[in-house]
Structures are given as C-alpha cells and as structure tokens.
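Structure record follows, encoded as structure tokens.
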Amino acid sequence: MPQASWTSVADESTDVKHTNPFESPQHSDGDGSGFLHPESTLESNRELQSSSWAKERSAQQLELEHVDGISQEGICHRINLFIIKSLHVIDLCAGIGFIVYGSLMRTRFATPAMAAVTFCLILGSFHLASSLLGIISYFFASCKRFGLSISAFAGPYFALVYLTIVISLAANSKGFLQYLEDHKTEMFLKDSTVENAERLMPLTYSFLAVFIFVEASRFRTLLQLKEHLIRRDSNNALTPRAAGFANESLTKALIEDRGDRGDSGTVTSSRAGGSAAVSETPSWWDGAGP
C-alpha cells in the first residue's frame, strides 16, 4: 500500500509522519500534529478558520479596502471634512457664548429683552449639544457613534435657521436695527453698535451664506465619516490582541522565507517500500538567522 510522508511544521521537531492517502479524513488527523489541508472540512480546521489567523486576515483585508478608499477621495472631500471637524469646535464655542450671553441678559435686568434671550438660549443649547455629541462620538467608539448622526441631522436645522435669519433681515432690516436701538442697554450694546450693524449688513449676509452652505454639507459629510469610523472599529475588533506578537513574527518569517526560498534551506527526500526520510533545515523556523 503506497504511503505519503511529510514533516509537521506545527512545532520545531523534524519527526517523519506516515499517513495512508487511502484512509478516511477522520483518521488522517489522529497523530495530533496539527497539520490541516486548507480545503479540509475537519472540525479542527473549522476551529482554525474562526481563530486569530482568520481574524487577522479579515483585518488586513479591511485595512486594504480602507487604504483604497482613501486613495480615491479627492482634495475637495478632504477639505470639506476638515471644515466640518473645525465647525464642531466653532459650534461648541458659539453655543457656550450664546448660553452665557442669554443668561446674563436674563439675570441682570428686571425687564430683559426676552426675544433676544430666548433666541440665544435655544440656539446656543442646540449648538452646544450637537457639537458636543459629535466630538464625543468622534473620539469614542460607543453606541455605534450615534452622536455623529445627531450632529449630522442638526446640520439641516441650523441651515434652515440661518436661511430664516437672512430672509427676515432682507425683508425687514430696519425693524431689526430698531430693536437693537430700543434694547441696547439690556443687550449690553454701545451707542455706535446700531450704526456699525447697519454698515456691516452686507458682510453679515456673506457670513450667513457661508454658514448655510457649510451646515447643509454637514449632513452628508458626517454620515460618510460615521460609516468610515464604524468600518475602522470593525477592523480593530477583528485584529487579534493576545496573539498579535506571534502573528507578526510568523508573518515576518514567512515573508523572509519567501524572499530567500531556494537559498535558506535544503530539502532531501527519498522513498522506498512505503518508508520515507525527510530532512529540512529552514532557517526561519529553526531560529537560525541568515
């Protein structure tokens, strides 16, 4: 009966193993060597496919897809992403400023300008909450980055608010200036503030138009950023932790062996009457460096 011989590479020994190719698969793995054919359907092989090796391979595939996705991103998308990230910091500072300003107007005067107080407190609270949730979800992978979704959906709301302000100022700018004149004391305004506001009205329109555009693009950009971060979180979850050093060492050894194949070791085999002798001296496995 012909037999096949091979040397197990699961350990550092060079013992010769004898197997019968006509035996059923369930008996060929009974030597405990750990050697498995890649297409084997044995239970041990299925366990190997769910081990850290399979996770590492999936992580590498996700990393390659991530690198390919970054290479396809244009410069405009990267600039827009940087602006949106900076907008979170600006919104955080603006939200704190609106809340502090509205609180001062409400507490320092017996008859405050309630319209200005309400506007500052509501808009400031929305700015503070959305930007803070977005920043937290950007740095911490919890709740599937849910804060980025809230910040994304807040973008169209802010764009609508700024558009309403532009339409109101264009329709009745004199009424707005008169309100500032009537409540300049309660709003901590100087005497020249109304004149400066009227003179700088075109610049105000320009700033509001820019904010409308940025807030409108905030929705799509943040959803794309959330998807990218979730994929990166999945990549990190698939990367094995305990066997990371061993996998890295083995991968490096395999790469070195692939480059030095034919020079780093010699294999001599002979077969006679069902017996075989195999001697192999790969430098990378035995620990002998080049």
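Follow the hydrophobic side-chain contacts under 4.5 Å out from Val100 and you reach Phe126 in the same cluster. In the hydrophobic clustering of ILVMFWY residues, with side-chain heavy atoms under 4.5 Å counting as a link, Leu148 and Phe146 come out apart.
Atom NZ of Lys85 is separated from atom CD1 of Ile90 by 14.5 Å, given to the nearest 0.5 angstrom. Put simply, CG on Asn80 and CZ on Arg218 are 12.0 Å apart, with the number rounded to the nearest 0.5 Å. To the nearest 0.5 angstrom, Lys144 atom NZ is 13.5 Å from Ser137 atom OG. To the nearest 0.5 Å, the span separating CG on Leu163 from CG on Leu208 amounts to 9.5 Å. For the atom pair Leu92 CG and His127 NE2, the distance stands at 11.0 Å (nearest 0.5 Å). Summarising the geometry, atom CZ belonging to Arg106 is positioned 5.0 Å from atom CE belonging to Met114; distances are rounded to the nearest 0.5 Å.
Atom CZ of Phe213 has 12 or fewer heavy atoms from other residues, nucleotides or ligands within 6.0 Å.
Counted by atom type alone, Lys184 and Thr193 present zero donor-acceptor pairs between their side chains at under 3.5 Å.
In this structure, Phe219 and Phe153 have perpendicular ring planes: the angle between them is above 60°, well past the 30° mark. Classification of the Phe119-Phe98 ring pair by plane angle, with boundaries at 30° and 60°, yields perpendicular.
Within the 4.5 Å cutoff, no side-chain heavy atoms of Ile212 are placed close to those of Phe158. Taking 4.5 Å as the limit, every side-chain heavy atom of Met105 sits out of range of all side-chain heavy atoms of Glu186. Within the 4.5 Å cutoff, the side chain of Leu222 has heavy atoms near those of the Ser151 side chain.
Side chain of His183 to backbone of Tyr179: a donor-acceptor contact under 3.5 angstrom is found. For the pair Arg145 (side chain) and Tyr138 (backbone), a donor-acceptor distance under 3.5 Å is present. The closest donor-acceptor contact from the side chain of Thr118 to the backbone of Ala115 lies at 3.5 Å or more, if one exists at all.
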Stepwise, does the side chain to side chain contact (heavy atoms under 4.5 Å, CB included) test hold for Lys174 with Leu177?
-> CA-CA 5 Å; Lys174 293 183 179 180; Leu177 295 175; 5.7 Å; no
Yes or no on side chain to side chain contact (heavy atoms under 4.5 Å, CB included) for Phe207 and Tyr162, after CA distance, side-chain angles and deciding distance?
-> CA-CA 10 Å; Phe207 276 113; Tyr162 295 143; over 6 Å; no
Candidate pair Ile83 and Val214, rule side chain to side chain contact (heavy atoms under 4.5 Å, CB included), full reasoning = CA-CA 8 Å; Ile83 293 175; Val214 174; 4.0 Å; yes
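Shown here for Ile99 and Leu128, the closest heavy-atom pair between the two residues is CD1-CD2, 3.7 Å.
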